[in-house]
Amino acid sequence: MDNTDPMAIQLEGLSQRFGRTWAVNRLDLNIATGEAIGVLGPNGSGKSTLLRMLTTLLPPTRGRGKIFGCDLVRQSGEVRRQIHWLGHDFNLYTQLTAIENLKLFFGFQGAKADTRLIRQALEKVGLIPAADKPVSAFSAGMRKRLAMAKIFLKKTPLILLDEPHTNLDREGRDLMNQMIAQWKKEGATLMLATHDHSTVLPLCDKILVLNNGEKTYFGPTGDLPKEIEL
Amino acid sequence: MKSFLRCAAAVFYKDLLSELRRREYVNSLLFFSLLTIFLFSFAMGTEPDLLRKLAPGLYWMILIFSATLALERSFFTELDAGCLDGLLLYSTSLRAVFLGKWASNFFFIGMVQILVALMMTALYNLESPRNPPLFFAGLLLANIGISTLGTFYAALVTQSRARQVLLPLLLFPMLIPLLLGSVYVTEYALSGDPFHQATLWLKLLVAYDSIFLAACFAAIEPLLEA
Amino acid sequence: MQNSKSKIQSFIVLMAVAFFLFAQYWGLFKSPPDQLMGHVQKLMYVHVPCAWNAFIAFFVVFISSFIYLIRKNPFWDRLAASAAEVGVVLTGLTLILGSIWGRPTWGVWWTWDARLTTTAILFFLYVGYLTMRSFVGDKDRRARLAAPLGVIIFLNVPIVYMSVRWWRTLHQVQSSPSTVDPNMVLSLRLNAFAILFVLILFIYHRYQIALLKDKQEEAL
C-alpha cells in the first residue's frame, strides 16, 4: 500500500436523499490513515448508504468527500483502485468455481492471475477443499469467506466492511476478527458498519454513531457514552 | 492498454463461461427463435413464394426480438446476482466493461444469426444466398450495430423499473435504419445483386455502426457512473 | 425579481399569441388556396411549422443533454426534459395534422412519406426518452442517465431521415407539393415563426413548472 496522505477519509456535508428521506444528512467526518472505525446505528440509520457512497458507486446528493485526497465524484476511478468493499452482496459468480472467481478478480483489474497468491488466499480462509467446486454449492458462510479471500489478493489502503459478522459461524467470526487485526497491523484504514456493537467495539479505535442519517457521536471507543441509543 | 484489454477479455470470458455452463439462457434463446419462425408460418400460411419473398424481413424481425432477449442477459443478470457492484468497482475502466459485454453480446447474437438463418432456410425451403460475402457482410455489420446500441441501452435500463419493457421500447426506434439496411442487403445477397444495389445500404450500415460505436463508447462512462 | 419574471412571461405570451393570430389570419385569408387541394392545404401552415419546431426542440434536448454531461448543472437537465416534452407534443400534432390533411387529399390516413415517417420515428424516440425519465425516481440519477440518452438519440435523427428517404425512393409513393406560390411561402414562414414563439413559451413555462417541482421536493 503506497499512499502518503495522512487523511484517509474527509467528508464535508455529505448527504444522500432517496425520494423524500435523507438517508445520510450533512455528514462531516475526518478519518486518519490507519484508524479502524466502527459505524454503529440501528437498521435504516444510513450505515450502508454511507459505505456505498464511499465506494463511489452511489454519487452523493450533496456535499463532498475525499478518499486519500481523491474526490469521490471527480476522481472516482482513483478512489476505486484504493478500496475493498465487502457488502451485502458478495459479488460471486455462482456458475464458476472458487478459483475461477478469484482469477476473475485479477482479470477485472487487468492483471495476470497469480495462482500462488490465490491458493494462499483460499488457504487463509479455509476453502482449499472447495477450491474447484462451483460457488452455487457453497453455503452462505463459505461464500462470505470467499469474498474475504478476495481482499487478500490485493492490498488496499482502505477496507469497507458492511456487517462483517453476518453469515459466519463461530469459527468464521474468529477468522474475520483475526483478519481485521491483521489488516490493521499492515496499516490499512478500516471502516466496519454494524448494528451489533458487541462484536465490533473491541476491534475499533473510534466509533461513529448514526441515527436517521445524522452523526450523533464520533470519538474514541473508550469514550462512547453508555446512554447512546444503539 | 494491456490492462484495458485484459479486463474486457475477463468480462467476455466470464460471460461465455457462465452461459455455457448453465445454458439456461442460450437454450431458451434458441428455442424462442425456432418457435417464432413456426409462429410466423402459421400466421402467414405456408405458400412457398410468399415466404421466400418475406424471408429477409422476417429474418431480421425474429433476430431483433431474439437479440433483445440476449441483451437482457448482459447486465440484468449481473444486477440480479448481486455482481454488478463488484464488476464496476474492481474493473480497470468502465469502458473496458462495456467492451467485454459488447463482445459477449456480439458472440451470442452472432450465434442466433447463424442458427436462425439455417432454420429458416430449412423450414421455408430457401436457397442459399447467391452472394455469400454480401450476406455475411450484412450479418456482421448488423450484429455490430445491434451489439453496440443494445449493450448501451441494456446498461442504461438495468437499474430502472420495468426494464424488460423499457429495453425494446428505447432500442427498437434506434434500430430502424439498421433494420432497413440489413433487410435490403440480405434481399440483394439472396438474389445475387447483379446491379450492386446493396452498396448504398452497406454504406449506411457502416456509417451507422461507426457513429454509434464512437458515441456509445464515449457516453458509457457517465452512464455507468450514475 | 418575481415582477421581472412575470413581465418576461407576459411579454412572451403576448408576442406568441399576437404573432400566432396574425400568422393564422394571413394563412387562412390572405394566401391563395392551393390549385389542387383547396383550402385543406392550409393545414400545412400549422403542420409543417410544427414539424420544424419539433426538430428545434429536439435539438435543444441534444445540446442541453450534452452540456449537462459537462457541467452537471441541473438547469440543463430541466431544460432538456421540458424541450423533450414540448417536442413530443409538437411531433404528435404534426402526425395528427398530417393524417387529417392526407385523408381528403389522397384518401388515406397515413402515407409512408419520408418526412412523415421520420417524424413518427422521432415521436417514438422521444416518448421513449420521457418514459425512461419517468421510471427513474431519484432526481440526480435521472439526470445522469437521461443526458447520455439525450445525446445518443439525436445522433440517429439524420441517419433515420436518410435511410427512410432511400427506402421511399425504392417504393413509389405520392410526393408532397414542391412548387409553392410566393404568398404561400410567406404564410409558411410567418407561421413557422409564430410556432417558434409558441415553442419558446411552452418550454419556458414547462421549465418553470419543473423548477418549482424541484424546489418543492428540496424543501421537504
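Residue numbering restarts at 1 for every chain, and letters A, B, ... go by the order of the sequence lines.
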Heavy-atom distances under 4.5 Å only: say whether [X] touches chain B with side chain, backbone, both or neither.
X      : answer
C:S134 : backbone
C:L122 : neither
C:V160 : both

Under a 4.5 Å heavy-atom cutoff, which of C:I152, C:L155, C:I153 has the most pairs with chain B?
-> C:I152
Pairs of heavy atoms under 4.5 Å with chain B: top-ranked of C:V127, C:L149, C:V164 | C:L149
Start with the C-alpha gap between B:L170 and C:T131, add the side-chain angles, then the distance that decides, and say whether side-chain contact (heavy atoms from CB on, under 4.5 Å) holds.
-> CA-CA 9 Å; B:L170 296 180; C:T131 311; 5.7 Å; no
Answer yes or no: is there a side-chain heavy-atom contact under 4.5 Å between B:F172 and C:F124?
-> no
Distance (rounded to the nearest 0.5 Å) between C:I159 CD1 and B:M174 CE = 8.0 Å
Can you measure from CD1 (C:I121) to CG (B:L175) and round to the nearest 0.5 angstrom?
-> 11.0 Å
Contact class of B:Q159 relative to chain C, heavy atoms under 4.5 angstrom | both
Contact origin within B:L156 toward chain C - heavy atom pairs under 4.5 Å = both
Audit row: C:W166, B:L180, side-chain contact (heavy atoms from CB on, under 4.5 Å) steps and yes/no = CA-CA 10 Å; C:W166 290 336; B:L180 281 176; over 6 Å; no
Heavy-atom closest pair, residues B:L204 and C:S163 | CD2-CB, 3.7 Å
